[in-house]
There are 2 protein chains.
Amino acid sequence: MQSRTTAPRSGRPRSAAADTAILAATREALVELGWSKLTLGDVATRAGVAKTTLYRRWAGKNELVVDAVAVLFDELELPDCGTLAADVEGVVLQFAAILARPEARSGLMAVVAESIRDEALRERIHCSIVERQKRLVLEGRARAQRRGELPPETHPGQASRTVDLIFDMVAGAVIHRTLVSAQPVDEEWVQRFTAVLLGGLAAAEG
Amino acid sequence: MQSRTTAPRSGRPRSAAADTAILAATREALVELGWSKLTLGDVATRAGVAKTTLYRRWAGKNELVVDAVAVLFDELELPDCGTLAADVEGVVLQFAAILARPEARSGLMAVVAESIRDEALRERIHCSIVERQKRLVLEGRARAQRRGELPPETHPGQASRTVDLIFDMVAGAVIHRTLVSAQPVDEEWVQRFTAVLLGGLAAAEG
DNA sequence: GAGCTTTCGCTACGACTCGTAGCGTAATGC
DNA sequence: GCATTACGCTACGAGTCGTAGCGAAAGCTC
């Protein structure tokens, strides 16, 4: 969360229940009010805590919403469906399911927009959300290499850039489809997308 | 802009100079302050108009910023570089150049985030920004078909979904690379991306 | 020019949110 | 018991919002 490293040794400890209540109240307020109309005073009232308690734990609205939304990505896992294509389709559907939830839709884009002018916030998002997604790409590639569906590493530098490219293409396409085009990520779209992506990678590598 | 259809016939006409001054002031404020700290009062002062004039023309901050950012996309054009791959690379580089400008970075993501809970705003963004980009995809496909690089239409419905898919992949990847990964869209990245995209399309269609 | 219509700049206003300070109280470790 | 920290509560100045009201300015029609 905010400062898990520094462990105070004496005095009254911070209520862990308050943390979860605040984050849940934040998601609830995101659903009902959206980002712009969400106020910290309202979140405090919903959570049953004082407004000052909120400010003692989070620097502001941005940091609070990042933490509230980040837990939604805990459920992201890489399913083992037997083939690379099926694995990719499974992850994309999971990612799309998270983005379909209103608290994620309202919060994610807003904090990313804020992070453009706030380097610390960008780092926070990167650690608690982005890196967790990127790990799935790395896992999927390693698994496909073990299956023989992908060739092993050639140059470590080039492999890293390829992972970055894949990650931007997958996450970018799903986000754009969901939040900009405002159209559903259904089975058909996922299959067509996966076919283009994997077909392109095979054509580019081979 | 706001209500171009209704044309008043008598009385003092609205100052067109004020419009451009306000939009320019909005972009200037976006660069200096970013989305969250941008206030309409400040924009009015920068533009040299009264705050009430702003509210007479735009419903609020969202609509104003959409119009201010939309003009940045006027310069988007489809270059004729001879091959489909070169055309795609050219458009992607143009798109990335726009997203590299701070006024676009600060404003675009924020209004898209707001549009999630505001259908009218989403429609406004779609007409003045998204549709303009999508037109380039249609043009590029038609040109590639004339060159023989792409097969002519099979089913009109399927062709439309393919265009949607391509559009989400191109725009999504560039936006994600620029605003989430915060890494530059340079020549190398564009070439690798284009190779994967076109290779995948060829593999999926053929 | 006279008269009508609409816009413009300006001021002021209530309502709201922000983030903080101060205080007394509650909960822990030593 | 004592020091230390967290908590709830209240109050506050500062800032923004969006609107109302006014007189003046700028166009069109006759």
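This structure is a prediction, so every number in the text was calculated from the model and none was measured. Letters go in sequence order (proteins before strands), and every chain restarts at 1.
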Task: side chain to side chain donor-acceptor pair (under 3.5 Å) partners of K61(A), counting only residues at least two apart - done: none
Open item on the list: Counting C-beta onward and ignoring hydrogens, is there a side-chain heavy-atom pair between R161(A) and H155(A) closer than 4.5 Å?
Closed with: no
Open item on the list: What I'd like to find out is whether the side chain of D168(B) reaches to under 4.5 Å of the side chain of F193(A), using heavy atoms alone.
Closed with: no
Task: Partners meeting side chain to side chain donor-acceptor pair (under 3.5 Å) with E139(A) (sequence neighbours left out) - done: R135(A)
Less than 3.5 Å apart, which donor and acceptor atoms pair up between the side chains of residues 106-113 of chain A and the rest of the protein, not counting sequence neighbours?
residue	atom	partner	partner atom	Å
S106(A)	OG	P102(A)	O	3.0

Task: Sorted by number, the residues of residues 27-51 of chain A with heavy-atom contact under 4.0 Å to DNA chain D - done: G48(A), V49(A), A50(A)
TODO: Mind calculating the distance between CZ (R57(A)) and P (dG19(C)) to the nearest angstrom?
DONE: 18 Å
Task: Those residues that, when tested against Q183(A), pass side chain to side chain donor-acceptor pair (under 3.5 Å) (two or more places apart) - done: R177(A)
Run the side-chain donor-acceptor check on residues 74-81 of chain A: report pairs under 3.5 Å with partners two or more places apart or on a different chain.
residue	atom	partner	partner atom	Å
D74(A)	OD1	R132(A)	NH1	2.1
D80(A)	OD1	G82(A)	N	3.4
D80(A)	OD1	R147(A)	NH2	2.8

Open item on the list: From the set dC8(C), dC7(D), dT4(D), return the single nucleotide nearest to any side-chain atom of R14(A).
Closed with: dC7(D)
- [ ] Grab the CG-C1' distance between L64(A) and dT17(C) for me, whole Å please.
- [x] 16 Å
TODO: Would you mind reading off the bend of the helix from dG1(C)-dC30(D) to dC30(C)-dG1(D) from its two end axes, five pairs each, to 10 degrees?
DONE: 30°
Task: Beyond-backbone contact of F167(A) with H176(B), side-chain heavy atoms, under 4.5 angstrom - done: yes
Task: Spacing between L54(A) atom CG and dA6(D) atom C1', to the nearest angstrom - done: 14 Å
- [ ] Starting from C1' on dC8(C), measure out to CD1 on I22(B) and report it in whole angstrom.
- [x] 11 Å
TODO: Compare side-chain N and O positions of S10(A) against OP1 and OP2 of dA3(D) and report whether any pair is under 4.0 Å apart.
DONE: no
- [ ] Could I get the full list of side-chain contact (heavy atoms from CB on, under 4.5 Å) partners for T39(B), not counting sequence neighbours?
- [x] D42(B)
Open item on the list: So, using side chain to side chain donor-acceptor pair (under 3.5 Å) as the criterion, who are the partners of S115(A) when residues are at least two apart?
Closed with: none
Task: Pairs touching residues 27-36 of chain A that satisfy side chain to side chain donor-acceptor pair (under 3.5 Å), sequence neighbours left out - done: E28(A)-R46(A), E32(A)-R46(A), S36(A)-E114(B)
TODO: Evaluate the criterion side-chain contact (heavy atoms from CB on, under 4.5 Å) for residue pair R101(B) and R105(B); output intermediate values, then yes/no.
DONE: CA-CA 6 Å; R101(B) 301 175 67 169; R105(B) 302 163 69 98; over 6 Å; no
Under 3.5 Å, which N/O atoms of the protein pair with N/O atoms of nucleotides 22-26 of chain C?
residue	atom	partner	partner atom	Å
dA26(C)	N3	R12(A)	NH1	3.2

Open item on the list: I need the residues from residues 114-121 of chain B with at least one non-hydrogen atom less than 4.0 Å from DNA chain C; give them sorted by number, or say none.
Closed with: none
Task: Atom-to-atom span, OH of Y55(B) to P of dC10(C) - whole angstrom - done: 17 Å
Open item on the list: Between L93(A) and W189(A), is there a side-chain heavy-atom distance shorter than 4.5 Å?
Closed with: no
